[in-house]
Every structure is written in structure tokens, then in C-alpha cells.
Amino acid sequence: MAAARPESMNATPVHAKARVSLAFSDPLFVAGQHVTGKMELECRADKGLGIGLIKTELFAIQGVHYFVSILSIAIISRLLCPAELTSRDHSATSTFLHMTRCFQGPSLPPSNAVLPHPLPGSDPLPPDYFPARKGITTFFFRFPIPSSSPASMEFVKGLARLKYEVRASVDVSWKGERQTVVDRKEVDLVEAVG
């Protein structure tokens with residue numbers, strides 16, 4: 001499994017000329033089977049919009065969040081650090097499962113969402129970007145879930161959490177500015193029976 005690439009600093013769920021949306025085939029999935037669904041990419045420009053990397057990713061994330069009470073902070077700060085204590089909230093998260101499905105990108109052929117060659121008279125696009133086709137293109141995904149995967153859960157009103165999430169992302173270039181358009185949805189997963 002590849003390491004999770006941090007999300008781009010210029011990632012946005014909203015773009016003037018491109019939209020990404022996710023939908024699952026079922027409301028609930030079982031460990032040992034597959035998380036399936038579709039990603040839709042809508043391009044709203046007649047010309048000038050470039051599309052680069054198109055992908056979906058599945059993440060399984062476990063996290064703990066705990067709060068140190070104000071009274072505890074006051075006592076600890078007087079004993080250990082009388083001058084200053086800067087944080088009251090502590091959290092730790094880790095990704096224990098990550099899968100990626102690329103539909104277009106470096107060393108992959110152009111997808112149905114783009115034209116394979118630049119239009120005559122159009123501005124040049126960055127490397128590995130193609131001119132967008134106006135309209136909606138659908139990409140279907142399927143992620144296998146190991147049968148040993150634990151169920152999604154939240155413990156003590158968010159103190160501890162285990163979640164599965166699918167993220168769809170598309171790199172776009174519009175008027176010389178590059179952004180990553182994203183959508184994300186949590187997956188409800190239950191443990192395998194037996």
C-alpha cells in the first residue's frame with residue numbers, strides 16, 4: 001500500500017468551472033467485500049479548462065481526541081511550567097488503510113473527460129493536463145475491504161473514532177491557476193459475520 005499523499009494546500013470543494021461529486025452504490029458495506037460507487041466530474045467550460053490527475057482514494061483512519069480539564073491545566077501549569085501552557089486539546093490520528101484508483105494522470109492515457117489533443121488556438125496547458133470536454137463524465141470505483149477490518153465507530157461522543165472515507169480529486173488548470181477540486185464522503189462499514 002502506498003503512503004497517503006497529503007492533500008494539496010490549494011484543494012477546494014468548489015470551483016467555477018469544475019465540480020466533483022461522489023455517490024455510493026449502497027448505504028452500508030461489509031468488511032471482506034467491496035466499497036463501490038461512482039465519481040462524477042462536471043466540466044463547465046467550452047475551452048481553456050485543463051484536467052490533470054483524476055483519482056479516488058479510500059482511507060481508514062483511527063483517531064483519539066481528549067480534553068484536559070481547565071482545573072488539571074491549572075495544577076499542571078503551576079507545577080511544571082508556571083509561565084505558560086499553550087494547549088488544552090490533544091489529538092492523534094493515523095491511517096491504517098489507503099488505496100488509490102487513478103483514472104487519468106502521468107503515464108496513463110487520457111480519460112473520456114478530456115480531449116486527447118489541444119484545440120487549435122488554445123493556450124498551452126501544464127504538462128500532463130488535457131483540454132476538458134464540457135459535460136459530465138462518470139468514473140466507477142471498487143475498493144476491496146479486508147475481512148479483518150473493524151467496523152466504523154465513534155466512542156464517547158467523539159473521544160475515539162474509527163472511520164472510512166472515500167475522497168475524489170481532480171487537478172484542474174484554469175486561467176493559469178492550478179487547483180485540486182475534491183469531494184469526500186464517509187463510508188459506513190460493519191464487521192464481517194463469522
Side-chain angles (χ1 to χ4, degrees), residues 1-25 29 31-61 93-149 163-187 189:
M1 281 178 268
R5 185 186 89 168
E7 219 170 285
S8 174
M9 292 292 286
N10 63 354
T12 178
V14 179
H15 190 275
K17 299 296 178 183
R19 184 181 63 84
V20 175
S21 61
L22 281 168
F24 296 129
S25 61
F29 296 94
Q33 298 179 3
H34 294 83
V35 170
T36 56
K38 66 179 179 179
M39 167 186 146
E40 288 187 339
L41 168 59
E42 179 183 4
C43 299
R44 301 175 181 147
D46 290 318
K47 65 177 189 173
L49 179 65
I51 302 293
L53 181 64
I54 302 172
K55 68 179 178 178
T56 56
E57 297 172 278
L58 172 74
F59 292 90
I61 304 162
T93 61
S94 65
T95 301
F96 64 90
L97 180 66
H98 177 233
M99 294 179 217
T100 304
R101 298 290 178 260
C102 291
F103 302 104
Q104 177 180 300
S107 69
L108 290 175
S111 71
N112 291 338
V114 299
L115 301 170
H117 303 288
L119 297 170
S122 62
D123 292 334
L125 294 171
D128 298 317
Y129 281 71
F130 296 92
R133 231 183 256 277
K134 190 172 182 178
I136 297 174
T137 307
T138 302
F139 300 93
F140 295 97
F141 59 84
R142 184 176 188 228
F143 293 107
I145 303 295
S147 57
S148 60
S149 298
K163 72 175 184 174
Y164 297 84
E165 180 179 273
V166 173
R167 298 179 196 168
S169 61
V170 176
D171 291 347
V172 300
S173 174
W174 175 250
K175 295 187 176 180
E177 184 179 345
R178 288 193 236 183
Q179 288 186 299
T180 302
V181 182
V182 297
D183 189 25
R184 61 182 69 210
K185 286 202 184 315
E186 283 194 31
V187 177
L189 187 83

_Looking at every non-hydrogen atom in both residues, tell me the closest pair between Ala168 and Val20 and how far apart they are._
CB-CG1, 3.6 Å
*Would a 4.5 Å heavy-atom cut-off, applied to side chains only, mark Phe143 and Phe29 as touching?*
no
*Ring geometry between Phe103 and Phe139 (parallel below 30°, tilted from 30 to 60°, perpendicular above 60°)*: tilted
*Not counting sequence neighbours, which residues clear side chain to side chain donor-acceptor pair (under 3.5 Å) with Thr12? List them please.*
none
*Are side-chain heavy atoms of Lys47 and Ser122 found at a separation under 4.5 Å?*
no
*asked:* Whether the side chain of His15 engages the backbone of Lys17 through a donor-acceptor N/O pair (distance < 3.5 Å, no angle test) should be reported.
replied: yes
*asked:* Run the side chain to side chain contact (heavy atoms under 4.5 Å, CB included) test on His98 and Glu57 for me, step by step, so that the C-alpha distance in whole Å, both residues' side-chain angles and the decisive distance to 0.1 Å come before the verdict.
replied: CA-CA 7 Å; His98 177 233; Glu57 297 172 278; 2.8 Å; yes
*asked:* Once rounded to the nearest 0.5 Å, what's the spacing between atom CG of Asp123 and atom CH2 of Trp174?
replied: 10.0 Å
*Would you mind listing every salt bridge (Lys or Arg N to Asp or Glu O under 4.0 Å) that reaches into residues 129-148, with sequence neighbours excluded?*
Asp46-Lys134
*Met39 side chain reached by Ile54 side chain, heavy atoms, under 4.5 Å*: yes
*Would you say the side chain of Ile145 lies within less than 4.5 Å of the side chain of Leu58, judging by non-hydrogen atoms?*
yes
*Is the backbone of Leu22 close enough, under 3.5 Å, to the side chain of Asp183 for a donor and an acceptor to pair up by distance?*
yes
*asked:* How long is the straight-line distance from NZ of Lys55 back to OG1 of Thr100, given to the nearest 0.5 Å?
replied: 5.5 Å
*Is it the case that more than 12 heavy atoms not belonging to Lys38 sit under 6.0 Å from its NZ atom?*
no
*Please report the closest heavy-atom contact between Ala132 and Cys43, naming both atoms and the distance.*
CB-SG, 3.7 Å
*With a 4.5 Å heavy-atom cut-off, do Asn10 and Thr180 have their side chains touching?*
yes
*If you take all heavy atoms of Ala113 and Thr137, which pair is closest and at what distance?*
CA-OG1, 3.4 Å
_How close do Pro131 and Leu125 get, counting heavy atoms only, and between which atoms?_
N-CD1, 3.5 Å
*asked:* Run the side chain to side chain donor-acceptor pair (under 3.5 Å) test against Arg19 and tell me which residues pass, sequence neighbours left out.
replied: Ser21, Glu42
*Under the side chain to side chain donor-acceptor pair (under 3.5 Å) test, which residues partner Glu186, sequence neighbours left out?*
Arg161
*Do Arg184 and Glu165 meet the salt-bridge criterion of a basic N to acidic O distance under 4.0 Å?*
yes
_Test item: Asp171 and Tyr129 side chains (from C-beta on) under 4.5 Å apart, heavy atoms_ = yes
_Taking the side chain as everything from C-beta on, heavy atoms only, tell me whether Phe96 gets closer than 4.5 Å to Ile61._
no
*Side chains of Pro126 and Arg178: closer than 4.5 Å at any heavy-atom pair?*
yes
_Tell me which pairs pass side-chain hydrogen bond (donor to acceptor under 3.5 Å, both in side chains) where either residue lies in residues 108-120, with sequence neighbours left out._
Gln104-Ser111
*Report the residues that fulfil side chain to side chain donor-acceptor pair (under 3.5 Å) with Ser148, sequence neighbours left out, ordered by chain and then residue number.*
none
*Would you name the heavy atoms of Tyr164 and Ser149 that are closest together and state the gap between them?*
OH-CB, 3.5 Å
*For Val35 and Phe24, what are the C-alpha separation, side-chain angles and deciding distance, and is it a side chain to side chain contact (heavy atoms under 4.5 Å, CB included)?*
CA-CA 8 Å; Val35 170; Phe24 296 129; 4.3 Å; yes
_Matching residue for Ile51 among Asp128, Val181, Val172 - test: side-chain contact (heavy atoms from CB on, under 4.5 Å)_ = Val172
_Show the nearest heavy-atom pair for residues Val182 and Ala11, with the distance to one decimal._
CG1-CB, 4.2 Å
